Amino acid sequence: MNVSRDSVVGRLRQPARAVVGRLRQPEYTGANRCLPCTAVNVGIAAAGAGAVAAVGAPLLGAVGFGGALGAIWLRGYLVPGTPELTKRYLPERALALFGKAPGNAEPRGLGVGEVDPETYLLDAGVLVETPAGDDFAFAPDFAASWRAAAEDGAGATPDEGRRTDRDDLAALAALTGLDRHELSIDWRGGAGFAYAGEERIGHWESRPAFRADAAADRVLTGLDGDWADRPLAERSAVLGALRLFVAECPSCAGDVALEERVVESCCSSYDVVAGRCAGCDARVFELRLPASLAAASE
């Protein structure tokens, strides 16, 4: 019986693929790969290879470095426990180099400009003090206009007020003042990431959060003749601050309640306060707690 060369090669490759599959850790590789962890481990591997080469074994050092890179490629890291080590010891300024610092600002659209959001919202009559005088809330007229704008932008389909991609892009174009054809929104795990070409310009915790900003933008455009001329960073700061006072979900009209939780990634862990809809469970906003407040709440 003659066996083709391709069949033999294919059979030989099967055990190798099985071994690679067992070694690979998909939770730390591919789309889930953490760049800070990878950089730390490559640095450790390079230092180790350099030390071996320095004592007179450059070939061994090169082979060891190649093996270390293979382990990092397969498993995501070389040193066991790297995710916990980076979370505990890697400073935020180092994480910021990779855009992984907790509360890392968006590259465009979410920065704080010259306007003070709270002062602006109070002066514009958008926020008023609550009867108890210990908080702020939407002014009644603004609340009614905001609700009407949110319902008007809910999309054409009745299924849970679901928006189409075209609806979202139209709202994003109005929100940013950018050409709709240059924009895109990538919804992943419920969160939305907005892009102008290849540049990420903002993100929202959920579609209701995006809808809240889009509705507020429409209302403020009517209230403030200079609103559309303000820098995008200023408008984003105002809209983000305004969303902290949303008491009713723009998608399902459910009550928005505050909750504290811990946000964890492979590189960091920090406390946040979030506004979550009791009806559809969507996060309307999320704000990192200062370390002093987080410690006091424990």
Side-chain angles (χ1 to χ4, degrees), residues 106 109-156 160-161 163 167-178 192 194 201-259 273-287:
E106 296 296 334
L110 295 182
V112 177
E114 296 179 359
V115 67
D116 177 71
E118 184 176 306
T119 300
Y120 174 86
L121 293 169
L122 289 172
D123 290 345
V126 172
L127 294 180
V128 294
E129 283 193 359
T130 59
D134 57 355
D135 201 355
F136 297 108
F138 283 5
D141 289 345
F142 177 83
S145 298
W146 178 84
R147 169 49 60 188
E151 292 175 351
D152 183 55
E160 300 179 357
R163 300 174 64 95
D167 294 326
D168 287 339
L169 290 179
L172 182 61
L175 194 65
T176 60
L178 301 175
I201 59 173
H203 90 279
W204 288 266
E205 291 84 351
S206 64
R207 264 195 167 94
F210 174 75
R211 188 175 298 174
D213 281 3
D217 177 73
R218 292 179 62 183
V219 178
L220 288 173
T221 298
L223 289 177
D224 180 359
D226 297 325
W227 174 254
D229 296 325
R230 292 182 179 275
L232 180 56
E234 289 190 4
R235 285 183 281 130
S236 297
V238 171
L239 293 173
L242 182 58
R243 196 160 12 108
L244 300 178
F245 300 95
V246 170
E248 184 180 279
C249 178
S251 293
C252 72
D255 291 335
V256 175
L258 295 178
E259 64 176 19
V273 59
R276 187 180 295 276
C277 174
C280 63
D281 202 41
R283 283 182 300 140
V284 178
F285 66 84
E286 185 175 279
L287 184 67

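The model shown is predicted, which means the values in this text are computed figures rather than measured ones.
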For [X], all residues meeting side chain to side chain contact (heavy atoms under 4.5 Å, CB included), sequence neighbours excluded:
X: Val126; answer: Leu121, Ala124, Phe142, Leu220, Leu223, Leu242
X: Ser145; answer: Val219
X: Ala278; answer: none
X: Asp134; answer: Thr130, Ala132

Any pair with a residue in residues 236-246 that passes salt bridge (charged side-chain N to carboxylate O under 4.0 Å, His left out), sequence neighbours left out, goes on the list, sorted by first then second residue, please.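 Found Glu205-Arg243, Asp213-Arg243.
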Considering non-hydrogen atoms only, spot the tightest contact between [X] and [Y] and give its length.
X: Asp168; Y: Phe210; value: O-CZ, 3.5 Å
X: Leu232; Y: Thr176; value: CD1-CA, 3.9 Å
X: Trp146; Y: Ala212; value: NE1-O, 3.2 Å
X: Leu258; Y: Gly275; value: CD2-CA, 4.4 Å
X: Ala215; Y: Ala150; value: CB-N, 3.6 Å

Donor-acceptor under 3.5 Å (Arg283 side chain, Ala274 main chain): no
Set of residues satisfying salt bridge (Lys or Arg N to Asp or Glu O under 4.0 Å) with respect to Asp255, sequence neighbours excluded: none
Sequence neighbours excluded, which residues qualify as salt bridge (Lys or Arg N to Asp or Glu O under 4.0 Å) partners of Asp141? none
Report yes or no: do Arg207 and Ser251 form a side-chain donor-acceptor pair below 3.5 Å?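 Their side chains do not contain a donor-acceptor pair, so the 3.5 Å distance test is not met.
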Can you sort out the partners of Glu259 under side-chain hydrogen bond (donor to acceptor under 3.5 Å, both in side chains), two or more places apart, ordered by chain and number?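 Result, side-chain hydrogen bond (donor to acceptor under 3.5 Å, both in side chains) vs Glu259: Arg276.
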For residues 224-251, which residue pairs qualify under ring-ring contact (aromatic ring centres under 6.0 Å, His included), counting only residues two or more places apart or in two chains?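 Non-adjacent pairs meeting ring-ring contact (aromatic ring centres under 6.0 Å, His included): Tyr120-Trp227.
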